[in-house]
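Computed from a predicted structure; not experimentally measured. Within every chain, numbering begins at 1; the chains are lettered A, B, ... in the order of the sequence lines, protein sequences first and strands thereafter.
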Amino acid sequence: MAAEKKHFVCVVCPVGCEIDVVHDGSKIISMEGNKCEKSEEFARQELIEPMRILTTTVRIQGSRWPVIPVRTDKPVPKRLFPRIMRQLRPIKLQAPVNMLDVVVRDVLHTGANVVATRTMPRE
Amino acid sequence: MMQVDVAVIGSGPAGLTAAIQAHKSGARKVLLLEREEELGGILKQCIHNGFGLEQFKQNYTGPEYAERLIKELEKTGVQCFLNTLVTDLSSDRVITALSPEHGALEITAKSIVLAMGCRERTRSSVGIPGTRPAGIFTAGVVQRFVNIDGYLPGKKIVILGSGDIGLIMARRLTLEGATVIGVYEIMSYPGGLKRNIVQCLNDFDIPLYLSHTVTEIKGKERLEGVVISKVDGNLHPVQGTEELIECDTLLLSVGLIPENELSKKAGIELSPATKGPVTTEIMETSVPGIFACGNVSTVFDLVDYVAQTGTAAGAFAAQYAFGSLSADRQSVDIVAGENVRLLFPQRYGFQDDLVLFIRAAEPVEKPVVIEVTPPGSKVNRVYARPNEMLRVKVPKEKLAEVRQPIRVSIREK
């Protein structure tokens, strides 16, 4: 594959570097605009498979609030978001839940766990 | 009458950080007052990640960031009153508060930290004509409904304004199965951070329309649609560009205003630009011994910036409580020069390094130099955008001889 240009906005941190990458479909040939090395890794991954942390809520019983916030404990392929959301929909946790308790282990074989992001005491 | 060294009003990131720091700095009796039933403020409903990257080198969600601070607070002897609403504040630092547990309270504090945060601007702030059906919400209210109360407020959603909360909610509502038809922004540039445009809109193919606004609301009981119009360079709707968009929900993400009813009661001078108290670099307001930090002062882009102001406010509020800050202190004004819409703080009091937070008036998409004169400090940046605060630090030593107002400008290089 011939060299192609691609423009990215790095979302690793709030700086939001605008990066221009020249690539051959899988490998980066050159890049400019990034202020740190994290953007390099971001752009490399973005070319192959865009990965993001998913944050959402699941239902919970026996607590002050009916839902509890959760996230994946590492980035997962962005394209799997709808499927992960579907998998989380029927879940109903029981309070108490501690922050970082695992809600779903190895969600959709991504290697990422879905974990609670707050403590929810029993009420 | 209860007596404390430092009283902190509000337990969001600013208040938590200030209370922790006041205790660390040696204040014995620190009291934290929170009107809700839990500590953490708005962080509790900000379930997305990206918090604490600078402060903790961690990519926390809002609740995790709050819980980290709450755990730190629990290790201190800081006393917390929950469900406690402060109803009055006087310039001689007497707080009146109400709580089901403690009844009517009068609290005298040697120093006070204001950390009440901000409020959302509403439909009436932006003056949208039309009927008044159900289905029109501010973005933060919807964030609370979805993330804490577990309600989805609608299925077909239009978002007016491209502030960060609106962008975050565009993604959130899409994930929960709603259709977000588009985000419409009256200005010619987005209001929120660029990373949020990318990861909240672009990632989900949600269109962003700049220079567009809602010019009419349709529907009687429930919202049935909105009329969208293009606007010209003076932000006036252009005739003939009207388009009716069917929707059941309109989210407004049209800005935040510091919440300063208590500040006004205490006679604190407010800045017309930030709508928050005029403060010095140690976060002291125009009333000696009353400090302010976080979004009650000016609306910050990042929680890390909020925490930075909370740390300063807590440390110096403790010093004030000991009496180690002299009563007779000098200060000079800090004034907005070329292409500066607002800046924080607005005064320099010769106690600490000056950390300036600056918002540009107009976007400059080329290298700029930020000038702070006197002392004549120059800092380069690759661009200046109104939606991304600039932060510049000028060391205390450089400012010792300054006697005239400090002017801050953003110029093209």
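There is no side-chain donor-acceptor pair under 3.5 Å between Gln58(B) and Arg68(B).
For the set His48(B), Lys44(B), Arg172(B), the entry with the most heavy-atom pairs within less than 4.5 Å of chain A is Arg172(B). The residue among Ala66(B), Gly177(B), Gly150(B), Pro63(B) with the most heavy atom pairs within less than 4.5 Å of chain A is Pro63(B). In terms of heavy-atom pairs under 4.5 Å with chain B, the best-connected choice from Ile84(A), Thr56(A), Ile68(A), Val70(A) is Thr56(A). Counting heavy-atom pairs closer than 4.5 Å to chain A, the top-ranked of the candidates Asp301(B), Val146(B), Leu193(B), Ile148(B) is Ile148(B). No other option in Gln45(B), Glu54(B), Glu37(B) has as many heavy-atom pairs under 4.5 Å with chain A as Glu37(B). With chain A as partner, the option from Asp149(B), Asn59(B), Leu175(B), Ile197(B) having the largest number of non-hydrogen pairs under 4.5 angstrom is Leu175(B).
Of the two parts of Arg59(A), neither the backbone nor the side chain holds a non-hydrogen atom closer than 4.5 Å to a non-hydrogen atom of chain B. Of the two parts of Phe204(B), only the side chain, counted from C-beta on, holds a non-hydrogen atom closer than 4.5 Å to a non-hydrogen atom of chain A. Of the atoms belonging to Tyr383(B), it is side-chain heavy atoms, and not backbone ones, that fall under 4.5 Å from chain A. With a 4.5 Å cut-off on non-hydrogen atoms, Pro66(A) touches chain B through its backbone and its side chain both.
Arg385(B) and Glu388(B) are joined by a salt bridge, as a carboxylate oxygen and a charged side-chain nitrogen come within less than 4.0 angstrom of each other. Salt-bridge formation is detected for the pair Glu18(A)/Lys194(B): a Lys NZ or Arg NE/NH1/NH2 atom is positioned less than 4.0 Å from an Asp or Glu carboxylate oxygen.
When atom types are taken as modelled, the side chain of Thr84(B) and the backbone of Leu82(B) share a donor-acceptor pair closer than 3.5 angstrom.
Atom CD of residue Gln55(B) and atom OH of residue Tyr305(B) lie 12.5 Å apart, to the nearest 0.5 angstrom. In this structure, the separation between CG on Leu251(B) and CD1 on Ile159(B) is 5.0 Å, given to the nearest 0.5 Å.
A cation-pi arrangement, defined by a distance under 6.0 Å to the six-membered ring centre and an angle within 45 degrees of its axis, is absent between Arg52(A) and Phe81(A).
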